[in-house]
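A quick write-up on the structure given underneath.
Values in this document were obtained by computation on a predicted structure and should not be read as measured data. Each ligand, and each atom within it, is numbered from 1 in the order the structure gives.
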Amino acid sequence: MPARTLTIILNANHPKKCVLILKPGDAPIDAILHEARNKFRVKALTQVYLQGGALLEPRTDLAALPWVAKVWVAKGEPYNGPPAAPARSQGVGEVRIIADKTFVDERAVKQLEEVAGLPGVVVAAGMPDLHPGNRFPIGCAVAAEGIYPALIGSDVGCGIALYPLAPPSKSAPNPTKLAAHLRGLDEPWSGSTADWLAHYGITRHSEFDEKSLGTVGAGNHFFEITTIERIEDAEAATRLGLQEDALYRLVHTGSRGLGASILAKQTETQANPYIVPDTPAFDAYLAEHDYAVQWAIANRDLVAHRVRECMLGARLDAGKDAAPSPASLAKIVDVTHNSATKQSVDVNGERRELWVHRKGAAPTDKGVAPCPGSRGDFSWLLEPTGDGQLNVHSLAHGAGRRHARHVLHTGTKRAKSTLTTTALGSEVICTDADLLIEEMPEAYKNVGSVVEDMVDKGICKGVVVLRPVVTYKIREAGEGRK
Ligand SMILES: Nc1nc2c(ncn2[C@@H]2O[C@H](COP(=O)(O)O)[C@@H](O)[C@H]2O)c(=O)[nH]1
Ligand SMILES: [Mn+2]
């Protein structure tokens, strides 16, 4: 069990409180009573209550109760604290918000509470990047007995991957020169999509593959050429082969229109269908979901491959692009942040196999996870820590939106040049005037605060901080909107 913070409250006099950092290996009852007797100067304290009045027993495994943050200490008198579960308007699922410092819009919390009220939902955990979506919130992990396709959203398989681009160089990267190489990337790829997809164990379906595979798709998608600003964990950075002064590709895209068509099929007759495991409908949905997840991974890899080809000055005309090779795809990490996966989740001390829906949340079982900020902010590579129970095996998938898109159009007009260069000296390639505004750095929360909240909760630690050099959205206006 990682170190955790507990607030100890005197059962007989609630304003009297103190804080205990429970370290790994500490016997919880002994540590709590020892601290309370010293701080409150009451030697006769003998009991520890959990919220609701259950006694903390020597056999109680606190690690299995990650939501316990307060305990009440007593001399033997009856419990005098608040009732067991906070009063909830709907449903039975538990809501957790993993954010102390980061702003979280109350509309998103309300959406998360509604999700927790859906039948079969056991836990709904909001990450610090939690923000409101159209119907359901973004930046959350929801554990349920079955699958709600609408909770995964319309971009099934969307995720972020990091790849090396160029070895360390003594000269600082020139954003303008690098940006000039990035051409033709919104055009369909000219190689064999069937061959490319075969590498991921999936087959080509239609002309959609030719049109879309290997394209970013603009919207909130992007790829970025980055450098390392700072190494936070030298051992992990070395293990991952990350070097200062080298260049990297950070690719954020998904299954393009594929996920939307999968969701549209599910929601034809019901707004929010619930699919129960061990049924033909469940297996059919999962097959389409898994296809979209693989397609999206193949798409990120092909975008990364095409970026590298551009940098090498390779021609992109028919037949020139080679099939993926280990050299071109020396991937550091690929994390899907919109999907459902089966995971072991502790619920009131009982371990259950549940379907964890991630709508904008990075899984913790894939090694490190990128946490992008914005085109004008740093991005992080994080190493998950802890047992994953508090955070439902998930981390924030980015900084998360601070302002809705339409709100960004209401401010003072900004000159284009102030939107295509950033305070960090990077360049933005985006020929879509609306996107330039809607995706400006101010649209997003502060990623530093998001990371700090997660580190404070013991669910991850920083590995490296990435600095944007060139962010690519789209070269031609009006094409490829998500
Ligand atoms: N490094 C960059 N990060 C960005 C950029 N635009 C957005 N973002 C971050 O990515 C996540 C992705 O969220 P999703 O819900 O759209 O999947 C978002 O929360 C931002 O923090 C960018 O240009 N560069
Ligand atoms: Mn995404």
Side-chain angles (χ1 to χ4, degrees), residues 102-105 108 127-134 136-140 152-162 216-227 229 248-256 259-260 292-293 296-297 299-300 303 334-339 358-363 369-382 395-405 408 419-424 426-430 432 435-451 464-474 481-482:
T102 309
F103 166 80
V104 177
D105 191 319
M127 305 296 140
D129 58 334
L130 186 73
H131 58 283
N134 287 340
F136 300 115
I138 301 161
C140 59
I152 301 161
S154 63
D155 194 3
V156 181
C158 190
I160 302 199
L162 183 70
V216 180
N220 44 0
H221 297 147
F222 63 89
F223 75 77
E224 209 156 74
I225 296 179
T226 72
T227 51
E229 172 71 8
Y248 296 90
R249 292 160 284 179
L250 188 65
V251 178
H252 171 220
T253 188
S255 58
R256 306 290 269 101
V293 167
I297 293 170
N299 192 35
R300 288 189 282 280
V303 169
D334 189 314
V335 153
T336 300
H337 55 226
N338 291 352
S339 71
R358 295 191 181 86
K359 171 61 181 158
C371 184
S374 77
R375 57 173 67 157
D377 197 354
F378 297 106
S379 294
W380 286 69
L381 203 57
L382 303 171
L395 296 177
H397 80 312
R401 244 178 205 282
R402 173 76 174 86
H403 300 293
R405 288 169 183 275
L408 296 151
L419 294 166
T420 53
T421 51
T422 75
L424 294 180
S426 59
E427 287 216 3
V428 179
I429 300 171
C430 181
D432 181 323
L435 262 189
L436 260 183
I437 294 165
E438 292 163 10
E439 295 291 317
M440 65 168 96
E442 295 84 339
Y444 290 96
K445 304 190 201 187
N446 178 336
V447 73
S449 162
V450 167
V451 172
V464 296
V465 179
L466 301 166
R467 168 187 275 266
V469 179
V470 179
T471 301
Y472 186 102
K473 301 290 288 186
I474 185 169
R481 294 295 301 266
K482 190 177 164 187

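Residue contacts with ligand 1 include T471, since one of its heavy atoms falls under 4.0 Å from the ligand. Using 4.0 Å as the threshold, G373 has a heavy atom nearer than that to some atom of ligand 1.
Scored by the side chain to side chain donor-acceptor pair (under 3.5 Å) test, T227 finds no partners at all (sequence neighbours excluded). Contacts of S426 classified as side chain to side chain donor-acceptor pair (under 3.5 Å), with partners at least two apart in sequence or in another chain: T422.
Judged by distance alone, the side chains of E427 and T421 never bring a donor and an acceptor atom under 3.5 Å apart.
For ligand 1 and H397, the ligand atoms under 4.0 Å from any heavy atom of the residue are 12 (C), 13 (O), 14 (P), 15 (O), 17 (O). Those atoms of ligand 1 with a heavy atom of S379 less than 4.0 angstrom away are 1 (N).
In summary, R249 and E224 do not engage in a salt bridge, as defined by a charged side-chain N under 4.0 Å from a carboxylate O.
L130 and C140 get closest at one heavy-atom pair: CD1-CB, 4.0 Å.
Neither the backbone nor the side chain of R401 has a heavy atom within less than 4.0 Å of ligand 1.
For a threshold of 3.5 Å applied to N or O pairs, the pair formed by A399 and ligand 1 contains at least one separation below that value.
Because the distance cut-off is set at 2.8 Å, H397 fails to qualify as a neighbour of the Mn ion (ligand 2), as none of its N, O or S atoms comes that close.
Rounded to 10°, the angle formed at the Mn ion (ligand 2) by H337 NE2 and H252 NE2 is 100°.
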